[in-house]
There are 2 protein chains.
Amino acid sequence: MAQPASGNGLGIDIEAIREYVQVQRRKHLAGQSICHAGQPFHAIYLVHAGSYKICELADDGREQISGFRMRGELIGVESIGLKAYASDVVALENSEAWELPYPAVLRACLHVPELQSHLTSALAAEIRCDRSWMLMLGTLAAERRVAAFLLDVAARYARLGYSAKHFILRMSRIDMASFLALKHETVSRALSHLHDMSYIDVQRREVRVLDVDGLRSMAGMSTALN
Amino acid sequence: MAQPASGNGLGIDIEAIREYVQVQRRKHLAGQSICHAGQPFHAIYLVHAGSYKICELADDGREQISGFRMRGELIGVESIGLKAYASDVVALENSEAWELPYPAVLRACLHVPELQSHLTSALAAEIRCDRSWMLMLGTLAAERRVAAFLLDVAARYARLGYSAKHFILRMSRIDMASFLALKHETVSRALSHLHDMSYIDVQRREVRVLDVDGLRSMAGMSTALN
DNA sequence: CGACGCGTTGAGCAGACTCAATCACAGTGG
DNA sequence: CCACTGTGATTGAGTCTGCTCAACGCGTCG
């Protein structure tokens, strides 16, 4: 049911909607934004390469990363129904996202009923993913959150066909910390400690997972499933 | 953009879909559940009276309240696309929710295109609401979270036509604490302190707001807007 | 090379937690 | 009617996790 979760598993079938939606390929250099909070909302995006971070902003300047997106995941869906985007989205590395103008997507839904239920399911999956992280952040201590985060990243790389045991973190410690509601020093210490306990091997952004079950038990996930 | 937020403002127009969807009124006594995580998903619900809490569950027994719902708000949308409900939903008092069988809702969307965009917007609003709380929980100290929570409750009562200055909290300190990722003693102390500072008057579950702007500035919300 | 951003590590502090006692209140049964 | 019980709320005292402040190392880039 719950599970680690992040992004939406269900990929939109691009080919099925090409007929109705004019898809634009948008490239972004590391640090460039897809959209800023407050800018007119006109499209959602499907990540095609690289990765992005989503940043929530408060009136008084507080801000927090609410998630990271990689290939096959949607961006901007939380702004549906609004006049303007609700958050900033920034490329973590040189990346590419496909722009799907939202009015066209809505029109396509009328012609392709499965698309409608796909979109709805994707939105619901996004909610479950957020809720799952709220649970993590609300109930796990710092080190356990970091363990859960690593497992999530690993699972997402695995889904894309990359190694779940050896990967490069695309985001800085500060971004990780912001997402996990911690300070970057705490994240750093947690990683060092996981290293000391031989759960992982970590050098800067390069991570090697040595003991998946160890990490899983820290993150409060049954080692049996998955 | 962000704002306090909770539930989805947009009420589904029941009359417009009565023709396609067989709506059942379901009453629940305090403590009774609408649904349990793992039970087959078949319907979403619209709260008609009373209030409910939504509870997320982890494999290892951890659990957390992820939100509260009152009149006009939807329940169960996060389970769309799944075979089974993702969370438990429990009535906080004697309440009533209208059951909308999901397959029928989907079918109705084909006949009433506005319903489709309404539903999508409602899901997106739910995501924004969750993100807004993630930001609160991730960036505000305990007392400020409690202040933000009170303002949110007040705003929701106001929207229903009740007083925003004097209301009864329907949930226990433990439920509030769970939602705010705190311990119930901390919530209790925070409320007492807000009382000491004359921002509120609180006796058990009865709350009187004495200084809205004071609370707003604590919660990091501009006092100008709204 | 020097500057800067990022990451790591240490020492001390403080906010939130834990444990525990007490109080208020509703429900129950003698 | 009141003692008894159980749950929820409040408050206190002491502890500890994660934060703050600060120094330092590494790597990149101008």
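Proteins come first, then strands; the chains are lettered A, B, ... in the order of their sequence lines, and each starts at number 1.
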**Q** As a quick check of understanding, evaluate side chain to side chain donor-acceptor pair (under 3.5 Å) for S66(A) and E56(A), giving each step before the final call.
**A** CA-CA 6 Å; S66(A) 67; E56(A) 308 296 318; 2.9 Å; yes
**Q** Using the salt bridge (Lys or Arg N to Asp or Glu O under 4.0 Å) rule, take R173(A) and E185(A) through it: C-alpha gap first, then chi angles, then the decisive distance, then the call.
**A** CA-CA 8 Å; R173(A) 295 288 188 269; E185(A) 297 96 324; over 6 Å; no
**Q** Please tell me which of the listed nucleotides, dT10(D), dT9(C), dC17(C), lies nearest to the side chain of S188(A)?
**A**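 Selected nucleotide (nearest to the side chain): dT9(C).
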**Q** What about E185(B), does its side chain sit under 3.5 Å from the base of dC19(C) through a donor-acceptor pair?
**A** yes
**Q** Round to the nearest Å and state the distance from L137(B) atom CG to dG18(D) atom P.
**A**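 In whole Å, dG18(D) P lies 16 Å from L137(B) CG.
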**Q** Test ring-ring contact (aromatic ring centres under 6.0 Å, His included) on Y102(B) and F41(B) and set out the steps.
**A** CA-CA 8 Å; Y102(B) 188 64; F41(B) 169 76; 5.7 Å; yes
**Q** Does E99(B) pair with R26(B) as a salt bridge, N-O distance under 4.0 Å?
**A**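 Between R26(B) and E99(B) there is a salt bridge, with a charged N closer than 4.0 Å to a carboxylate O.
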**Q** Could you check how far NE2 of H184(B) sits from P of dT22(C), rounded to whole Å?
**A**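 It is 16 Å, rounded to the nearest whole Å.
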**Q** Could you tell me how far apart L92(A) (CG) and dG5(C) (C1') are, to the nearest whole angstrom?
**A**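 Spelled out: CG on L92(A) to C1' on dG5(C) is 16 Å.
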**Q** Under 4.0 Å from OP1 or OP2 of dC26(D): is there any side-chain N or O of R204(A) that close?
**A** no
**Q** How long is the line joining NZ of K183(B) and P of dA16(C), in whole Å?
**A** 14 Å
**Q** What is the distance from CD of E143(A) to P of dG18(D), rounded to the nearest Å?
**A**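 So the CD-P distance, E143(A) to dG18(D), works out to 8 Å.
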**Q** Whole Å only: how far is the CZ atom of R205(A) from the P atom of dG5(C)?
**A**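 One finds 14 Å between P of dG5(C) and CZ of R205(A), rounded.
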**Q** For the residue pair W133(B) and F149(B), categorise the inter-ring angle as parallel (less than 30°), tilted (30 to 60°) or perpendicular (more than 60°).
**A** tilted
**Q** Round to the nearest Å and state the distance from L194(B) atom CG to dT11(D) atom P.
**A** 13 Å
**Q** Can you check whether any acceptor in the base of dT20(D) is under 3.5 Å from a donor in the side chain of R189(A), or vice versa?
**A**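 By the distance-only test, yes, there is a pair.
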**Q** In this structure, how many angstroms lie between the C1' atom of dT18(C) and the CD1 atom of I174(B), rounded?
**A**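 Atom CD1 in I174(B) sits about 14 Å away from atom C1' in dT18(C).
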**Q** What's L182(B) touching, base or sugar-phosphate or nothing? Going by heavy atoms closer than 4.0 Å.
**A** sugar-phosphate
**Q** Can you check whether S192(A) has a side-chain N or O nearer than 4.0 Å to OP1 or OP2 of dT9(C)?
**A** yes
